[in-house]
Number of protein chains: 2
Amino acid sequence: MDGIGKTMAETAVSLHQRILSDISERILSGEWAPGHRIPFEHELGIQYNCSRMTVNKALSQLAKAGLIERRRRSGSFVRQPQAQPAVLEIHDIRTEVEALGLPYRYELLSADRRRATGEDRGLLGLDAVAPLVALQCRHFAGKRPFCHERRLINLSAVPDAAAESFAAAAPGPWLLDRVPWSAAEHRISAIAADGDLALALEIQAGSPCLVIERRTWNAERPVTHVRFAYPAQSHSLVARFTPNQG
Amino acid sequence: MDGIGKTMAETAVSLHQRILSDISERILSGEWAPGHRIPFEHELGIQYNCSRMTVNKALSQLAKAGLIERRRRSGSFVRQPQAQPAVLEIHDIRTEVEALGLPYRYELLSADRRRATGEDRGLLGLDAVAPLVALQCRHFAGKRPFCHERRLINLSAVPDAAAESFAAAAPGPWLLDRVPWSAAEHRISAIAADGDLALALEIQAGSPCLVIERRTWNAERPVTHVRFAYPAQSHSLVARFTPNQG
DNA sequence: CGTTCTCATATGTATATACATAATAGCAGC
DNA sequence: GCTGCTATTATGTATATACATATGAGAACG
């Protein structure tokens, strides 16, 4: 390294990026098998003609992505692939429908205010009885029902929801505006449509549906539980795993 | 900042980590609403009594996690929540079955070697005709079929597969040993079991199944396409979203 | 009034440096 | 041989610095 001031224009992509993709390629191609010790930071620094810090940043990122494991005093090692972590993007329903080029429509089927039953508490993850709102609604793509939504909202976490009718706007975006970000857990499964669901989705009873359940917390407090049911034909989820996403 | 040499023991967690969680907390709590401009790097540097580099690393990470958007000359802004990225862990089937405390058994139903048909090429993402192996097999949890697997393996990417019978060991782990790491795309959907699938899973024809399809690449080359079909009752997937995972 | 040019500014990327920390290897002493 | 100390080593985290780059704001100009 000939010191500070090296121009960056000589490389089209950043050095960081180059190191990252070089190394992941070697791992992905199998050239560096699981268990293999990759060169030390300072060695890579010499190879790439850059400082240890730059290498360090790239390797730290690879470690976070799960491709390598770093051990002090020993070096960095290619990890045994175990679980395939994949990133699933769960979008807003209106966005999804509009992405298909179809007009979106929302319809409220029922709204109900009650004290949490045992089942409600199980779904929401509540430890005590609390007031809540239970909703059922439908999302249309063009003329066809696209998705059925069944939702519980914990009123002690979101008191404003008591005054809201949800007749015109879907509860999902409404909540996102008020509880802007939160931790969430998703459960994805398949079910056979029972009578009510089949009616709502205008499909045959017993036909398969893809179900996404989401539980949402805000600072440790359960906010909402929602079950989206999609007719099997109309929907699938895509998840990707790419180790060097930048 | 009183210069180099500040001891790190005074803070239990790293400064980087603290900035990261502080800021995401403010965003998650709604204190900083979408569109809000968060303080400039140098301002945060003064607030946290640290250098711009440290702030920069934390903010870059938040940007990569999708919580904020960074604009040169303008600053960093809280993003509108759009897609909820959730991490899905897809494990080995044997591991899953054994996690249930049930004995695992594998059974090969059929193995077939052929040149890729049009459909095969679509599934694998091949642009040219190539030899491949097509497999069907079952995974048992105790006495019940747990999962049906239908797989294509691209022989030009994995020539060794031609010599392998797959009678005793499942192709998934076998491939993992040889193609140690790879990029993958998962598609999750629900289907109604057709006659063959119903027979293999010992369920009624037409009953719902959860389907996971996975396409795997190794250095831009398609390696395998696999479709796992689970009887709806027996399986669900869990994905989590936690914004500041470190 | 609109267009273009210049300048200031915030982020982006890289450097060299400093010290902390964890873990190993080797050695000393019992 | 086992235990515990010490030195070494690779990574972890932070610093100050330097320069690149994109872009917004305002000045200069037609």
Side-chain angles (χ1 to χ4, degrees), chain A residues 1-23 36-79 244-246, chain B residues 1-23 35-79 244 246:
Chain A
M1 200 66 273
D2 50 9
I4 288 172
K6 179 191 179 186
T7 169
M8 266 170 272
E10 35 182 275
T11 49
V13 294
S14 71
L15 205 38
H16 177 104
Q17 202 52 240
R18 211 182 105 215
I19 297 174
L20 210 108
S21 54
D22 269 21
I23 294 182
H36 178 260
R37 208 210 76 227
I38 74 174
F40 297 128
E41 292 188 350
H42 83 270
E43 292 177 322
L44 288 168
I46 294 167
Q47 267 183 50
Y48 286 93
N49 192 36
C50 70
S51 77
R52 184 172 81 88
M53 273 307 296
T54 305
V55 176
N56 179 292
K57 274 207 281 186
L59 293 194
S60 302
Q61 195 172 326
L62 281 176
K64 224 179 51 186
L67 275 186
I68 64 171
E69 190 190 331
R70 317 198 69 195
R71 286 203 288 275
R72 275 177 160 144
R73 160 79 220 227
S74 312
S76 301
F77 299 82
V78 178
R79 281 208 358 180
N244 55 332
Q245 75 287 40
Chain B
M1 203 65 273
D2 50 8
I4 289 173
K6 179 190 178 186
T7 169
M8 266 169 273
E10 36 181 275
T11 49
V13 294
S14 70
L15 206 37
H16 177 104
Q17 202 51 240
R18 210 181 106 215
I19 298 173
L20 210 109
S21 54
D22 268 23
I23 294 181
H36 179 261
R37 208 210 76 228
I38 75 173
F40 297 126
E41 293 188 350
H42 83 268
E43 293 177 322
L44 288 169
I46 294 168
Q47 268 182 51
Y48 286 94
N49 193 37
C50 69
S51 78
R52 185 172 80 86
M53 273 305 297
T54 304
V55 176
N56 179 292
K57 275 208 282 185
L59 293 194
S60 301
Q61 194 172 327
L62 281 175
K64 224 179 51 186
L67 276 184
I68 64 171
E69 189 190 331
R70 318 199 68 195
R71 286 203 287 276
R72 275 176 160 145
R73 159 78 220 225
S74 313
S76 302
F77 299 82
V78 178
R79 283 216 347 187
N244 55 331

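Labels below follow one simple rule: chain letters A, B, ... track the order of the sequence lines, proteins then strands, and each chain is numbered from 1.
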By side-chain hydrogen bond (donor to acceptor under 3.5 Å, both in side chains), which residues pair with [X], not counting sequence neighbours?
| X | value |
| --- | --- |
| Arg71(A) | Glu69(A) |
| Arg52(A) | Glu41(A) |
| Ser74(B) | none |

Report the distance from atom [atom1] of [X] to atom [atom2] of [N], rounded to the nearest whole Å.
| X | N | atom1 | atom2 | answer |
| --- | --- | --- | --- | --- |
| Ile46(A) | dA10(D) | CD1 | P | 12 Å |
| Glu69(B) | dA10(C) | CD | P | 17 Å |
| Lys57(B) | dA14(C) | NZ | C1' | 13 Å |
| Glu43(A) | dT11(D) | CD | C1' | 14 Å |
| Gln61(B) | dG12(C) | CD | P | 14 Å |
| His42(B) | dT9(C) | NE2 | C1' | 10 Å |
| Arg37(A) | dT9(D) | CZ | C1' | 12 Å |
| Arg70(A) | dT9(D) | CZ | P | 18 Å |

Between Val55(A) and Leu59(B), which residue's closest nucleotide on DNA chain C lies nearer the 5′ terminus?
Leu59(B)
Pick the nucleotide of DNA chain C nearest each of Phe40(B) and Asn56(B); which residue has the one closer to the 5' end?
Phe40(B)
Counting heavy atoms from C-beta on, name the nucleotide in [options] closest to the side chain of [X].
| X | options | value |
| --- | --- | --- |
| Thr54(A) | dT11(C), dT13(D), dT15(C) | dT15(C) |
| Met53(B) | dA16(C), dT11(C), dA14(C) | dA14(C) |
| His16(B) | dT13(C), dT11(D), dA14(D) | dA14(D) |

Checking His36(A) now: which residues fulfil ring-ring contact (aromatic ring centres under 6.0 Å, His included) with it, not counting sequence neighbours?
Trp32(A)
Below 3.5 Å is the cut-off: list the nitrogen or oxygen pairs between protein and nucleotides 23-27 of chain C, distance only.
residue	atom	partner	partner atom	Å
dT24(C)	O2	Arg73(A)	NH1	2.9

Looking at side-chain heavy atoms only, is the closest gap between Lys57(B) and Leu15(B) below 4.5 Å?
no
How close do Ile38(B) and Leu59(B) get, heavy atom to heavy atom, and via which atoms?
CD1-CD2, 3.8 Å
Side-chain N or O of Arg52(B) closer than 4.0 Å to phosphate OP1/OP2 of dT11(C)
no
Mind checking salt bridge (charged side-chain N to carboxylate O under 4.0 Å, His left out) for Arg37(A) and listing every partner two or more places apart, or none if nothing turns up?
Glu43(A)
